[in-house]
Amino acid sequence: MMATAGSSAAGARVSMRAASGIRASSSSRRAAVVVKAANVNIGDSLAEFLAVATPDTKLRQLMTSMSEATRTIAHKVRTASCGGTACVNSFGDEQLAVDMVADGILFEALKYSHVCSYACSEEVPEPVAMGGSGYSVAFDPLDGSSIVDTNFSVGTIFGVWPGDKLTGITGRDQAAAGMGVYGPRTVFVIAINGFPGTHEFLLQDDGKWLLVKSTEEIGEGKLFAPGNLRAIFDNPEYSKLVSYYLEEQYTLRYTGGMVPDVFQILVKEKGVFTNVTSPSTKAKLRLLFEVAPLALLIENAGGASSCDGLVCRALDVEVTAHEQRTQICYGSKGEVARFEKYMLGESSASLTLSRPSKRPCAERAR
Ligand code: F6P
C-alpha cells in the first residue's frame, strides 16, 4: 500500500538547509552536507537522489524523463520570441505558441519513457495512450503562459499516478509530483510519496540536475500571495481574510504565476497562497493538472492545503472529471487553518484543522 504524503520512508531524513557549496567537486560538496539517516546529500545528482528516494525503477525512469523534458522546455522558454499576443518558438517546421511546444515535448518524453500508460494535459484533457506501462501522468505544460511575454517566471506542473486511471483518483494516490520553474535559474522540484521532503534540483550549464534544497518543514511567517483578488468584491470572507493580511502587515509576494507563487513557500519555508472564488469569479484552477500535484509538493514539505472553508484537504478531493476546477489555499499549517476559519465566516473562533466535513469533498470541489 502506498504511504501517505509526509510519512517517512525507511527512517530517511534529509538535511533541511543546503550547505552552499554546490559548485564544488564531488568530494568537497559531500563534506559540506549534513546527512542524517539516508544517503541523500545536497549536491547529489538527480539519479543519485532517485536511487535513494525510491526502489521503483519505473518511477525513477519516469521522473528522469520528466526532468529531461523540463530541461528542453527551459531552453524553448528562454529562446521564445514574444509578440503582441503570444510567445512562439519553432517546433518542427512550424512556429508554435510556447505552451503548445512544451505540451508536445512532454508527450514525447512520456512516450519514450516506456513506463507511462496514459497522459493528459491542460491542453489535451482526454488521456492519450503512451504505449508503456506503470504510471499515468497529468500535467500543465506551461502554467502562467499569459506572463511569458513579461519575462516573469513560469512553470510546468505534473502529477504521477500508478496504473492507468486519471479519474476516480485523489491527489493522495499520487506516486510523485513535480514542477519545473523557468526563471533566472531553472529548477526541477519533486516529491516522492512516501519519501520525506520536497526537493529542489538546479539545472547546471552541463545539463545536469543537482540537489540544492530539501524542505521538510514550513514554519509561520507573514508572506501572502492572494490570487483571484477581484473575488473580494463579492466574497466577504475572502475580503476579511485579505484585510487581516494587510492589517497584520504581511509582505505581498504575488506574480500571477501559480508555480513561482507556490514555489516561494517551499524556498522561504513560510507563507500562504490563495486562489479563492466568488459568485462572479468562478474557479479556474484545475484539480488534476495543477492543484493536486502542487498539494503533494506542499504537504510532503510539511505544509498544508485546503480547497474551501469546510476542511477539505486538496489531496482528498476525488478527481471525477479531467477538467474539474477548484479554489485552493496552500501554506503553513497555521495559515491554512486561518484560511479555513475565515472561509467558514468564523474569524473569531479558535484555529483548528479538525473541523468535521459537512459534505463530501468531491461534491464541494465542483
Ligand atoms: O492557471 C491559471 C493562472 O495563470 C495561475 O498560474 C495563477 O495563479 C492564476 O491563473 C492567476 O489568477 P489571477 O490573475 O486571477 O490572480
Side-chain angles (χ1 to χ4, degrees), residues 5-6 14-18 22 40-50 52-54 59-60 62-74 77 102 106 109 137-144 152-160 171 174-204 208-218 225 253 255 257-271 273 289-303 305 314-315 330-331:
V14 185
S15 158
M16 283 291 301
R17 277 284 170 200
I22 56 159
V40 173
N41 303 315
I42 298 306
D44 276 356
S45 68
L46 180 63
E48 287 170 324
F49 171 85
L50 289 172
V52 174
T54 174
L59 187 57
R60 284 186 213 160
L62 193 122
M63 299 306 276
T64 304
S65 297
M66 293 305 283
S67 77
E68 285 163 2
T70 300
R71 187 169 53 214
T72 308
I73 295 168
V77 169
L106 286 158
V137 179
F139 59 87
D140 181 353
L142 200 63
D143 187 71
F152 285 11
S153 293
V154 290
T156 296
I157 307 170
F158 66 95
V160 180
Q174 288 172 101
M179 62 183 167
V181 190
Y182 314 114
R185 290 169 279 121
T186 299
V187 297
F188 184 62
V189 183
I190 59 174
I192 306 286
N193 200 345
F195 187 79
T198 293
H199 308 274
E200 176 190 343
F201 295 83
L202 175 66
L203 184 60
Q204 307 292 296
K208 295 202 177 96
W209 296 101
L210 295 187
L211 181 64
V212 291
K213 185 179 191 315
S214 293
T215 307
E216 281 190 280
E217 277 174 39
I218 295 175
R253 288 287 180 272
T255 70
M258 196 178 183
V259 167
D261 289 336
V262 174
F263 177 54
Q264 67 181 338
I265 298 171
L266 299 169
V267 174
K268 304 289 188 190
E269 299 183 356
K270 64 178 182 183
F273 170 92
F289 306 115
E290 37 194 1
V291 171
L294 292 180
L296 186 66
L297 291 174
I298 290 291
E299 296 227 1
N300 234 44
S305 62
L315 289 176
Y330 301 116

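- Look at K270 and E217 and you find no salt bridge, because none of the NZ, NE, NH1 or NH2 atoms lies under 4.0 Å from a carboxylate O.
- Between the T54 side chain and the L50 main chain, no donor and acceptor come within less than 3.5 Å of each other.
- Once rounded to the nearest 0.5 Å, the distance linking CG of L315 with CG of L294 reads 10.5 Å.
- One finds the CD1 atom of I192 at 5.0 Å from the CG atom of L59 (value rounded to the nearest 0.5 Å).
- For K213 against V267, the heavy-atom pair with the smallest separation is CE-O, 3.5 Å.
- For S65, the side chain to side chain donor-acceptor pair (under 3.5 Å) criterion is met by Q61, not counting sequence neighbours.
- Across every non-hydrogen atom of A69 and L106, the tightest pair is CB-CD2, 3.6 Å.
- The CZ atom of F195 sits 9.5 Å away from atom CD1 of I190, with the distance rounded to the nearest 0.5 Å.
- In this structure, CZ in F49 is found 6.5 Å from CG in L211, a value given to the nearest 0.5 Å.
- Contact between T198 and A191 at its shortest, heavy atoms only, is OG1-CB, 3.8 Å.
- At least one side-chain heavy atom of T70 sits less than 4.5 Å from a side-chain heavy atom of W209.
- Annotation: the span from I218 atom CD1 to I298 atom CD1 amounts to 4.5 Å, rounded to 0.5 Å.
- In this structure T255 satisfies the side chain to side chain donor-acceptor pair (under 3.5 Å) test together with D261, sequence neighbours excluded.
- A138 and F289 make their closest contact through CB-CD2, 3.9 Å (heavy atoms, listed as atom of the first residue, atom of the second, distance).
- Take F139 and apply the ring-ring contact (aromatic ring centres under 6.0 Å, His included) test, not counting sequence neighbours, and it matches F107.
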Q. What do the steps show when you test D44 against F201 for side chain to side chain contact (heavy atoms under 4.5 Å, CB included), and what is the final call?
A. CA-CA 9 Å; D44 276 356; F201 295 83; 5.7 Å; no
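- In this structure, the side chains of E299 and Y330 stay at 4.5 Å or more apart for every pair of heavy atoms.
- Contact between S153 and P184 at its shortest, heavy atoms only, is OG-CD, 4.1 Å.
- When atom types are taken as modelled, the side chain of Q264 and the backbone of R253 share a donor-acceptor pair closer than 3.5 angstrom.
- Annotation: the span from F188 atom CZ to L46 atom CG amounts to 6.0 Å, rounded to 0.5 Å.
- Side-chain atoms of K208 and R71, non-hydrogen and from C-beta on, never get closer than 4.5 Å to each other.
- Applying the side chain to side chain donor-acceptor pair (under 3.5 Å) test to T156 and every residue at least two apart in sequence or in another chain returns Y182.
- In terms of modelled atom types and a separation under 3.5 Å, the side chain of Q174 and the main chain of G171 share a donor-acceptor contact.
- In this structure, the side chain to side chain contact (heavy atoms under 4.5 Å, CB included) partners of A314, at least two apart in sequence or on a different chain, are V291, A295, S305, C307, I328.
- In this structure, F273 has no ring-ring contact (aromatic ring centres under 6.0 Å, His included) partners at least two apart in sequence or on a different chain.
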* Asked: Taking it one step at a time, do E290 and M179 satisfy side chain to side chain contact (heavy atoms under 4.5 Å, CB included)?
  -> CA-CA 9 Å; E290 37 194 1; M179 62 183 167; over 6 Å; no
Start with the C-alpha distance between M63 and F158, add both sets of side-chain angles, then the distance that settles side chain to side chain contact (heavy atoms under 4.5 Å, CB included), and finish with yes or no. CA-CA 10 Å; M63 299 306 276; F158 66 95; 3.9 Å; yes
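- Smallest separation of non-hydrogen atoms from L266 and A301: CD2-CB, 3.4 Å.
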In sequence, state the C-alpha distance, the side-chain angles, and the governing distance for S214 and H199, and then conclude on side chain to side chain contact (heavy atoms under 4.5 Å, CB included). CA-CA 4 Å; S214 293; H199 308 274; 2.7 Å; yes
